[in-house]
Structures are given as C-alpha cells and as structure tokens.
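Whatever order the structure lists ligands and atoms in, that order sets their numbers, starting from 1.
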Amino acid sequence: MLICTTKKELREALASQRTGGKSVGFVPTMGALHQGHASLLERARKENDLLVASVFVNPIQFNNPEDLANYPRDFEADCRLLEAEGCDIVFHPEVDEMYPEGQEIEKFSFGKLETVMEGAQRPGHFAGVGVVVGMLFRLVEPTRAYFGEKDFQQVAVIKDLVRQMGIPVQIVPCPIKRGEDGLALSSRNALLSPEARAKAPFIYATLKASLELASRPCREVKAFVEDRIGSCPEMKLEYFEIADPDSLQSVPDEQAAHGNQGFIVVWMGKVRLIDNIRY
Ligand code: PAF
C-alpha cells in the first residue's frame, strides 16, 4: 500500500497505477477506521480494479472546535485496517497541503438539503464537506465513491455535489454497519465511557421499536421516540425528525411515517451520536 501525503504524490501514484482504463474505487474517510469503513472498503475492493482511500480530518467541516480537537486519530491503526482490506493507495495530507494559504477554494451550496437537520444544527458543516469531497474527487477522479448511510444527509449532499460538478463518479451508498447490540458503528463510539457505551444501543432499539408505528401519523412516532429517549437519564435528544428520503424535508405531523426516513441525534455526555431508519 502506497501512502501519499501530498497532492503531487497522489497524482503521480494514480498516473502510474491507473493504466489500461482501470476502474478506481474511492473511500474518503476522516480516519479512526472501524468495521463500518471496512465494509465500504471491502465493497469498493470487489467492484473496482484499484482501491484508493483518504484519511483526513477536515477542519472546515467542524463547527465546534472541541469536537475537532477530540476527534479520534490513529493513523497507524488505520493503515493496518486499510492494508488488510487491500487498499492500493492512501492519501493522508496535512491541513496545509489541502488548504494552502491564498489558494482559491471551489465552494458549493446545497440549497434546502443543507438547511435542515445536520445542516441546521451544524452551520457550515456541509459546505465544508462539499469543499473537501469536491477537492478529493478532482484529485482522485474515482469511478465509484463509497459512503455509509449512517450519514444519510451527507450522501444526499454528495449526490448533489456530483451533479453540480458534472463529473461521472458513481456514488455508492452503503447500509449502516451496526455492532451486535445494534449501535451504529461510528468513530465517535470510541469516545464513549464504558457505561455510556453499554447504554448507547438503546438509540437503535428505540428506532426499531418505533417501526411498529410506521402507519401512524408522524406526530405519534415522534412522541414515542422523544418519550423513550427522554426516559433515559444518560441521553439528551438533540433532534428526531421524519423526513422525505430524497428531499430531506420534514414530513407534516399528520402524515403517516411509512416510506419516510427517521433521523435521530442523541448526546451522551460530550459525545454526539447519529442514526436513522426507514419507515
Ligand atoms: O463522512 C466522513 O467521514 C467525512 O464527512 C468525509 C466524507 C470523509 C469528508 O471529510
């Protein structure tokens, strides 16, 4: 596996390895890799001739400096996982390499996709994601790029990004990977105390239990989820929304949840956990 830390090295590595029209599968990450990332890498490995990953904690998508400072980083462990998944090239730049002073940045707006839920709670987050993923796509020019559906809204934003950029990369959304206890795998899980980690599966258990109410008005489903999470002293609900899976716009309270997507964010201490489910 080749580790590139500069854009130049990456371009050269790609030019020499991407011969004869080879397809390139790309998995962009912020590191702290876990089995969720492994499942993306595994799929990308199977579906492409070359496998490229990036490990870059993108500062401009964090609206909270504490969250950025606390974001878990372990590049050596990441490399072991990437190697085991058959990655050919990993791009691991420093912040200055990605954002050199004075260099103009290609920016995107995502309209209503970025003003709701994660976009509303984390102002600037999707703008930052758009910048970095746009830069990475320009550099790697992947055939296919793989993203986990835990970040469901991010997948919608990235599909829109590709549309705006007019590039032929195929976005491959991959199902959420869960622990045996149901907790959606996330790099942030590593920050949970053992007690919080033991309680955290209650989030998905609640979403699953709420499926029973799929034919009921959203108001009832929301009340159910809010009450259950509210009953758990270790958890603080940031939001639970039921939205159209394409437009991501909120479904009216009197309409049935069926066919829509439930989105939840829960704080456990200083750790922000996110999950979603299809009704
Ligand atoms: O999902 C992530 O890990 C990040 O948002 C991404 C897509 C790698 C961009 O920094």
Side-chain angles (χ1 to χ4, degrees), residues 4 7 10 25-41 43-44 51-64 67-75 77-78 81-82 85 87 89-95 97-99 105-108 110 113-114 117-119 121-140 142 144-162 164-165 167 169-177 184-191 248 263 265 271-276:
C4 301
K7 294 174 193 162
L10 176 65
F26 180 45
V27 182
T29 81
M30 296 206 298
L33 303 181
H34 49 68
Q35 288 309 304
H37 296 108
S39 72
L40 305 183
L41 291 158
R43 179 153 176 203
L51 175 54
V52 179
S54 60
V55 173
F56 177 64
V57 182
N58 176 33
I60 66 165
Q61 72 184 72
F62 287 80
N63 60 314
N64 175 345
D67 192 21
L68 173 62
N70 290 338
Y71 201 82
R73 292 163 172 91
D74 187 348
F75 187 58
D78 292 343
L81 187 143
L82 290 166
E85 295 300 335
C87 185
I89 301 173
V90 56
F91 181 46
H92 181 50
E94 293 290 337
V95 173
E97 175 65 19
M98 282 305 268
Y99 303 119
I105 286 178
E106 193 178 8
K107 291 186 179 149
F108 304 88
F110 303 103
L113 289 179
E114 66 174 334
M117 298 188 290
E118 290 304 273
Q121 298 297 325
R122 304 175 67 190
H125 169 65
F126 288 122
V129 169
V131 166
V132 78
V133 176
M135 283 173 83
L136 292 167
F137 282 175
R138 293 259 187 248
L139 279 164
V140 178
R144 301 178 188 86
Y146 297 78
F147 294 89
E149 284 185 324
K150 181 173 71 65
D151 298 305
F152 195 97
Q153 191 172 0
Q154 173 170 273
V155 177
V157 162
I158 287 176
K159 284 183 181 161
D160 194 54
L161 172 75
V162 166
Q164 292 186 48
M165 292 176 79
I167 52 172
V169 55
Q170 184 190 330
I171 301 304
V172 185
C174 301
I176 300 176
K177 262 303 225 208
L185 298 187
S186 162
S187 304
R188 288 190 166 85
N189 294 354
L191 303 172
L248 300 184
F263 297 86
V265 173
V271 186
R272 188 175 188 269
L273 298 175
I274 176 167
D275 205 342
N276 65 81

Trainee: Cut-off 3.5 Å, side chains only: do Y71 and N58 have a donor facing an acceptor?
Mentor: no

Trainee: Return the minimal non-hydrogen interatomic distance between E85 and L51, and the atom names on each side.
Mentor: O-CD2, 3.7 Å

Trainee: How would you list, by chain and number, every residue that makes a side-chain hydrogen bond (donor to acceptor under 3.5 Å, both in side chains) with R138, sequence neighbours excluded?
Mentor: E106

Trainee: Would you please write out the protein residues whose heavy atoms approach any atom of ligand 1 to under 4.0 angstrom, listed by chain and number?
Mentor: P28, T29, M30, N58, Q61, V132, V133, F147, Q154

Trainee: Output all residues satisfying side-chain hydrogen bond (donor to acceptor under 3.5 Å, both in side chains) with D67, sequence neighbours left out; order by chain, then residue number.
Mentor: R188

Trainee: What orientation do F26 and F137 show, parallel under 30°, tilted 30 to 60°, or perpendicular over 60°?
Mentor: perpendicular

Trainee: Checking E97 now: which residues fulfil salt bridge (charged side-chain N to carboxylate O under 4.0 Å, His left out) with it, not counting sequence neighbours?
Mentor: none

